[in-house]
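What follows is a short report on a single structure.
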Amino acid sequence: MRLTVFAKTARLIVPALFAALLLSACAAKNAEDEQADMTITVTLRDLHRCSRISPEILVANAPDGTQTFDVRLVEYGDEERFFGGGSWDNDGSGVITEGGLTRHYRGPCPPAGQSRDYAFVVSAMGKDNLQPLAVRLYRFTQE
């Protein structure tokens, strides 16, 4: 008798669990599709080397619901170093103006005669959301 009750319960629960897993997988797929569309372009000039003036950054195809862009400059390699960044309100244009990053920003500045690898990390952030809607890297080498 107990086995029959268990089997009936399982027949009801298993399809519901399968549907829940399928829906969450579809939602994750849609989030990945949105993130795949976002691109960034950085206009680096000599002025930005060893400077507190950040370059212009263009964000295209930001996901729906993006309220702000969180931008950070990092040096990566043997050790990762943070060179500051800032947060920029999404006004729909996708343009983060030159000099717009103000949170302890310092431009790429490798020692003379050496090159270092850097990346601008741009995160599209929604309202009251701690998880980014999309994240993109713009990697470059500075000599």
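Quick caveat, the model's predicted, so the values are computed rather than measured.
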Worksheet item: If every non-hydrogen atom of L58 is compared with every non-hydrogen atom of S93, which pair is closest and at what distance?
Response: CD1-O, 4.1 Å

Discussion item. Going by ring-ring contact (aromatic ring centres under 6.0 Å, His included), name the residues that satisfy it together with F120, two or more places apart in sequence or in a different chain.
Written reply: F140

Fill in: Test side-chain contact (heavy atoms from CB on, under 4.5 Å) applied to Y118 and L73, step by step
CA-CA 7 Å; Y118 296 90; L73 176 62; 4.1 Å; yes

Discussion item. When you group the ILVMFWY residues by side-chain heavy-atom contacts below 4.5 Å and let the links chain together, are F69 and M125 in the same group?
Written reply: no

Item to complete: Can you see which heavy atom on I57 is nearest to which on V122, and at what distance?
Response: CG2-CG2, 4.4 Å

Discussion item. Less than 3.5 Å apart, any donor N or O on the side chain of N90 or T68 sitting next to an acceptor on the other?
Written reply: no

Practice prompt. Determine the minimum heavy-atom distance between V59 and I40, stating which atoms define it.
Written response: CG2-CG2, 3.9 Å

Worksheet item: Do S123 and Q131 have side-chain heavy atoms sitting under 4.5 Å apart?
Response: no

Practice prompt. State, to 0.1 Å, how close V42 and P55 come at their nearest heavy-atom pair, and which atoms those are.
Written response: CG1-CG, 3.6 Å

Worksheet item: Run the side-chain contact (heavy atoms from CB on, under 4.5 Å) check on R106 and R52 step by step: do they pass?
Response: CA-CA 5 Å; R106 183 174 64 111; R52 295 212 177 272; 4.2 Å; yes

Worksheet entry | Minimum heavy-atom distance between R49 and Q142, given as atom pair plus value | NH1-NE2, 3.2 Å

Fill in: Within 6.0 Å of CG in D46, more than 12 heavy atoms from elsewhere
no

Item to complete: State whether the side chain of R72 and the backbone N or O of F82 hold a donor-acceptor pair below 3.5 Å, judged by distance alone.
Response: no

Worksheet, complete the sentence: Value for CE (M38) from OG1 (T66), rounded to nearest 0.5 Å, stands at 7.0 Å

Worksheet item: Taking atom CD1 of I96 and atom OG1 of T43, what is their separation to the nearest 0.5 Å?
Response: 11.5 Å

Worksheet entry | Heavy-atom closest contact (R81 atom, F83 atom, distance) | O-CD1, 3.6 Å

Less than 3.5 Å apart, which donor and acceptor atoms pair up between the side chains of residues 98-105 and the rest of the protein, not counting sequence neighbours?
from, atom 1, to, atom 2, distance (Å)
E98, OE1, R45, NH2, 3.2
E98, OE2, R45, NE, 3.4
E98, OE2, R45, NH2, 2.6
E98, OE2, H48, NE2, 2.8
R103, NH2, D70, OD1, 3.2

Discussion item. Among residues at least two apart in sequence or on other chains, which ones pass side chain to side chain contact (heavy atoms under 4.5 Å, CB included) with S51?
Written reply: I53

Worksheet item: Can you check side-chain contact (heavy atoms from CB on, under 4.5 Å) on V95 and E56, steps first, answer last?
Response: CA-CA 7 Å; V95 177; E56 180 180 271; 4.0 Å; yes

Worksheet item: Around atom CD of Q114, are there more than 12 heavy atoms of other residues, nucleotides or ligands at under 6.0 Å?
Response: yes

